[in-house]
Amino acid sequence: MTKPALTLYLAAPRGFCAGVDRAIKIVEMAIGKWGAPVYVRHEIVHNKFVVDSLREKGAVFVEELDECPDDRPVIFSAHGVPKSVPAAAEAREMIYVDATCPLVSKVHIEAQRHAEAGLQMIMIGHKGHPETIGTMGQLPEGEVLLVETAADVATVEVRDPDRLAYVTQTTLSVDDTKGIVAALEERFPNIIGPHKEDICYATTNRQEAVKSVAPKADALLVVGAPNSSNSRRLVEVGAKNGCDYAQLVQRAENIDWRALDGIRSVAITAGASAPELLVNEVIDAFRERYDVTVEVVETAVETVEFKVPRVLRQPA
Ligand code: SF4
């Protein structure tokens, strides 16, 4: 039986960003240096496949530092941690390695500088997301006010409307965030924004790539995890940019083939914490059912790389 023809538009860039790549290397190198088990506070990156692979190599994932023994190394996830976490590890004289993405650390430093200058901080982010908890936890409790939507801006209560600054989570929707920033600037005309955009290059590039493939395709599949903020934003960006069927899939086995019945083209991308291996698995699943033509749609070339911390680097 002949297979129906299907065009796969492969968004580029997609998948792993420099911060995720570095965080995974940190765990692997820590296991190499100190042996198993190495404890990791929170999923190092939001992807079950990555977490399971590291678990097999000797990583033990926990949610809180209290769950780690004093005498084993612990690694903090790429999302960043409140200041109280490394402080507690130091108090217990634990070996710890901070795998916070340098672009998240940049936001932490920014928040601290503004606070030192006497400004009250507002954070645009998602309540309960580890990055938001980590960034808000750079300052004493109650010092950073959280807004999630433009509607929140109308009700936020500040100390002094002329002494404010804002930071954002790095993985937000670029377009939605513009609306929230506009609302902040309208209500607080003297509010100070980031020196350079807090939404990171990887989030921005993946959203731009989706904007360019979504209108061409009958469906968009985003390979990523349900708790991955940047992956979920890619689904929303696809839906807002002309793709009626935009879905998150963790693995090929999660594809709803019945929903795709009759389609002629599919756009595929992957969140910043999803390995390319899972994208290939999805492409192979399409090849089994369709006569596939792959078209790569590249909107940016990424060359960003982050060094692993000195304590784990091999001597030159
Ligand atoms: S998505 Fe951006 S901020 Fe998050 S780890 Fe990747 S590069 Fe860093």
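In this chain, numbering begins with 1 at the start of the sequence shown. Atoms within a ligand are numbered from 1 in the order they appear, just like the ligands themselves.
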Kindly check if the number of other-residue, nucleotide or ligand heavy atoms within 6.0 Å of CG (D52) is above 12? yes
Counting only protein N/O/S, how many atoms fall short of 2.8 Å from atom 2 (Fe) of ligand 1? 1
Please give me the minimum heavy-atom distance between P226 and L248, naming the atom from each residue. CA-CD2, 3.6 Å
Give a yes-or-no answer on whether the side chains of Q247 and D256 include a donor-acceptor pair shorter than 3.5 Å. no
Taking atom types as modelled and ignoring hydrogens, do the side chains of T170 and E131 form a donor-acceptor contact shorter than 3.5 angstrom? yes
With a sphere of 6.0 Å drawn around CD of E186, does it hold more than 12 non-hydrogen atoms of other residues, nucleotides or ligands? no
Looking just at side-chain N and O atoms, do R113 and H195 make a donor-acceptor pair shorter than 3.5 Å? no
